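Every chain is numbered from 1, with letters handed out A, B, ... down the list of sequences. Model, not experiment: these values are computed from the prediction.
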Amino acid sequence: MLLEKWFLKDLKYFLLTCKDRVSISKVHAVVITSGIFSNGISPCQLITSYFRTADRNFAHTLFDSLPKRGINSWNAMLIGYSRGNDPLEVINLYKQMRLERVKPDSSTFTVAIKACTSLMDINSGKEIWKNAVECGYGDDIFVGSSVLNLYAKCGKMDEAMGVFEKMSKRDVVSWSTMITGLVKSGKAREAINLYRRMQKEGLEGDGVVMLALIQACANIEDLKMAYSLHAYMIRRGFHMDGVAQTSLIDMYAKYGKVDIACSLFRTMSYKNVVSWSTLISGYARNGYAGNALQLLIEMQSCGFEPDLVSLVSALLACSQVGFPLLGREIHGYIVRRRLDVNQNQVLGTTLIDMYAKCGLLSRAHVLYKRMSSDDIILWNTIIASYGIHGQGEEALSIFHQMIETDTKPDHVTFASLLSAMSHSGLVDEGRYWFDVMIKEYKIQPMEKHYVSLIDLLARAGRVEEARSLIGSMECEPGIAVWVALLSGCINHKKFSIGELAANKVLELNPNSPGIYALVSNFFATAKKWDEVAMVRKIMKTGGMKKFPGYSVVEVNGKLHAFVVEDKSHPQYGEIMGILEEMENEMRDMGYVPKTEFVLHNVEEEVKVQMLRNHSERLAIGFGILNTGNGTRLVITKNLRVCGDCHEAIKFISVIVKREIIVRDMKRFHHFKNGRCSCGDYW
DNA sequence: GTAGGGTTAG
């Protein structure tokens, strides 16, 4: 049979798109019987077609049966295996080809280097790159880009940059390989600068570049840059696909701009589980627990099944506001969905963290015991969990277990450990492990480590030692360091070092009323009334942004939030009644209101009223009114517990014979029988 | 015909 020209054309077109192996075999048969491999359809076209059907065996049989295998047939095989995600076979074929002394071309080298990249085999990749240069393909833009990607994926950005700078021609792909590589290796600034260079050379980025730039902007602290990138994309009329939109949502959420993130999300025409999860996590990260949990529910009502990421973010929201009931419910949902906590380290760790932060340390411990594998973050989490509950000894013992399993502690481990010790008064242990951290583990102490250690020393009254430790710091001591020292000075009435600390704190212009309250409290303790007045004046004229304090209490499965002086609450009158009633009893027991915690220039009696109206007091009053005798109360406060409230709650725990647990931004306070687990320091 | 990406979580 002789094939007409038009028929040949049809067959070639047919082969380009056909995905049915039987049809391809038929064409194959026609081609063989008419003997036209040389002047019509080539074997490599058939090989490519066979690969498209995912039938490698047919392709391989054909390839093996060829009497003479030219470069195109070899390349068809390499590309076929490359597309079929079989890099090992690509490398094998490449080696075989070299043995048979077939001369590779640009495609061969490109695909072979790409295979090495998938295998993260930098040495073979370099070897092939050397071959390519020897064969005269050192300046080939495809080969070059695949080498850039090889280095980038293996984390060798410096070497990638070396090759990049030597390239005689570059296109969008080579630039984008570099930009993406820089972003992935945490060099967001450099990525953005490289894009500027690319623009100077007259090139504009495409979707791949934009995606990398969005991620770059999400990883730096430069809101202006983020805005201008977004504006630039809009100006250029850039088509945003779902991935780009989701990345933008994430970027805005990382800047705390949840409103923008939300409106972007609302305008998305095709949402998927990832876009829902991104916004949920954005809300949770920024403290909008209610919005996060609401969105989880909305997501389900829109027919999306929450994935691990959205569940983890929702759990994060629960731990922030201290909502153990909902946290347990989500845990139940996870079990019902048969999502194995042991199969997902992140989920397990988040659950442990949630239970601990919601005051259920024993549940956290049970889960921790059940985890079949451990990693550094799990260890850090459980150590921190015991730490915030004031169980420093237990934290230390878990730290020892961690070392026994040959897990190397990192800076987070030591931060948790030191903070655990500072919450339990393990002074000498703290000093010891601080030194071990530096000498044995070669971890440069960061400010957070100093803060814990200074807090620990100052609490124990060793303020001179704490002071000299600050002097030895390599980094500039920040406000947290001086605050830690100042707190100790108040408790131990160390006025001269305290004054130094107080002035340092003021010099650093704290933007937090709580810190000014502490400074004022110090001056009041030292009976320096002029200074107390000065602090008040700074607060008044400073135009300080007040972060509203609130307390949340879980009563009968529902969360109830209170702000200071929450008169809008239907039970406000009753709550005031019980608080006043208790206060009379407390005074008989020796309670004296610490009015220096009120920074308003008002009558003494008004100050007492203001203290009574603190959100944690209201939450406790509400809890006492609405739960049965002896019920344990768990309160979560977004700021630190006020010093007067701390004192008052000790008395309240005696009067109502209840365990009261207050979690503030730092730690847990277990009040029982007139005592607090944190000692007398808050 | 061969090169670059794929967003979210502890």
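Counting to the nearest Å, the C1' atom of B:dT2 and the CH2 atom of A:Trp129 are 15 Å from each other. When rounded to the nearest whole Å, the span between CG of A:Asp105 and C1' of B:dT2 equals 8 Å. Between A:Ile214 atom CD1 and B:dG5 atom C1' the separation is 11 Å, expressed in whole Å. What separates CG of A:Leu93 from P of B:dT2 is a distance of 17 Å, to the nearest Å. Across the protein-nucleic acid pair, A:Leu264 atom CG and B:dT8 atom P stand 15 Å apart, rounded to whole Å. Rounded to an integer number of Å, the gap from A:Phe238 CZ to B:dG5 C1' is 12 Å. Across the protein-nucleic acid pair, A:Lys254 atom NZ and B:dA9 atom C1' stand 11 Å apart, rounded to whole Å. Whole-Å rounding puts the A:Trp74 CH2 to B:dT2 C1' distance at 18 Å.
Ring-plane geometry between A:His389 and A:Phe668 is classed as parallel, the angle between the planes falling under 30 degrees on a 0 to 90 degree scale with a further cut at 60. Taking the six-membered ring for Trp and thresholds of 30 and 60 degrees, A:Tyr227 and A:Tyr252 have ring planes inclined between 30 and 60 degrees apart. Ring planes of A:Phe109 and A:Tyr137: tilted class, angle from 30 to 60°.
Residue A:Val346 places its side chain closer to B:dG10 than to any other of B:dG4, B:dG10, B:dG5. Here the nucleotide nearest the side chain of A:Thr246, chosen from B:dT2, B:dT7, B:dA9, is B:dT7. Each of B:dT7, B:dA9, B:dA3 was ranked by its minimum atom distance to the side chain of A:Ser82; first place goes to B:dA3. Ranking B:dA9, B:dT2, B:dT7 by closeness to the A:Asn344 side chain, first place goes to B:dA9. Considering only side-chain atoms of A:Val274, the nucleotide from B:dG4, B:dA9, B:dT7 that sits closest is B:dT7.
Nucleic acid contact for A:Asp250: sugar-phosphate only, since backbone atoms but no base atoms lie under 4.0 Å from a heavy atom of the residue. Nucleic acid contact for A:Gly181: none, since no nucleic acid atom lies under 4.0 Å from a heavy atom of the residue. Within the nucleic acid shown, A:Asn72 has no heavy atom closer than 4.0 Å to any nucleic acid atom. A:Gln245 comes within contact range of no nucleotide atom at all, as no heavy-atom separation falls under 4.0 Å. Using a 4.0 Å heavy-atom criterion, one finds that A:Ile377 contacts the bases of the nucleic acid, with or without backbone contacts as well. Residue contacts for A:Asp375: at a heavy-atom cut-off of 4.0 Å it reaches a base atom on one of the strands shown.
In this structure, A:Phe399 has its ring center closer than 6.0 angstrom to the ring center of A:Phe414.
For A:Thr350 against B:dG10, a side-chain-to-base donor-acceptor contact under 3.5 Å is absent. Side-chain atoms of A:Asp206 come within donor-acceptor range of the base of B:dG4, with a qualifying N/O pair under 3.5 Å. Counting atom types as modelled, A:Thr349 pairs a side-chain N or O with a base atom of B:dG10 as donor and acceptor under 3.5 Å.
Pairs of residues two or more places apart, or lying in two chains, that qualify as salt bridge (charged side-chain N to carboxylate O under 4.0 Å, His left out) and include a residue from residues 194-209 of chain A are A:Glu165-A:Arg197, A:Arg170-A:Glu201, A:Glu204-A:Arg236. Residue pairs meeting the salt bridge (charged side-chain N to carboxylate O under 4.0 Å, His left out) criterion with at least one partner in residues 242-263 of chain A, sequence neighbours excluded, are A:Asp250-A:Lys254, A:Asp250-A:Arg285. Residue pairs meeting the salt bridge (charged side-chain N to carboxylate O under 4.0 Å, His left out) criterion with at least one partner in residues 92-112 of chain A, sequence neighbours excluded, are A:Arg69-A:Glu100.
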Practice task
Output, in order, the C-alpha distance, side-chain angles, deciding distance and verdict of side chain to side chain donor-acceptor pair (under 3.5 Å) for A:Tyr355 and A:His331.
Solution key: CA-CA 10 Å; A:Tyr355 280 123; A:His331 189 182; 2.8 Å; yes
Practice task
Carefully, step by step, assess A:Thr350 and A:Asp353 under the rule side chain to side chain donor-acceptor pair (under 3.5 Å).
Solution key: CA-CA 5 Å; A:Thr350 311; A:Asp353 186 61; over 6 Å; no
Considering only distance and modelled atom types, tabulate donor-acceptor pairs under 3.5 Å from the side chains of residues 287-306 of chain A, sequence neighbours left out.
from	atom 1	to	atom 2	distance (Å)
A:Glu298	OE1	A:Arg266	NH2	3.1
A:Glu298	OE2	A:Arg266	NH1	2.8
A:Ser301	OG	A:Glu298	O	2.8

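Shown for residues 136-154 of chain A: residues whose heavy atoms fall under 4.0 angstrom of DNA chain B, namely A:Ile141, A:Phe142, A:Ser145, A:Asn149, A:Lys153. A heavy atom lying under 4.0 Å from DNA chain B marks the following residues of residues 276-307 of chain A, by number: A:Ser277, A:Thr278, A:Ser281, A:Arg285, A:Asp307.
Using modelled atom types and a 3.5 Å distance limit, the side chains of A:Gln245 and A:Ser275 yield no donor-acceptor pair.
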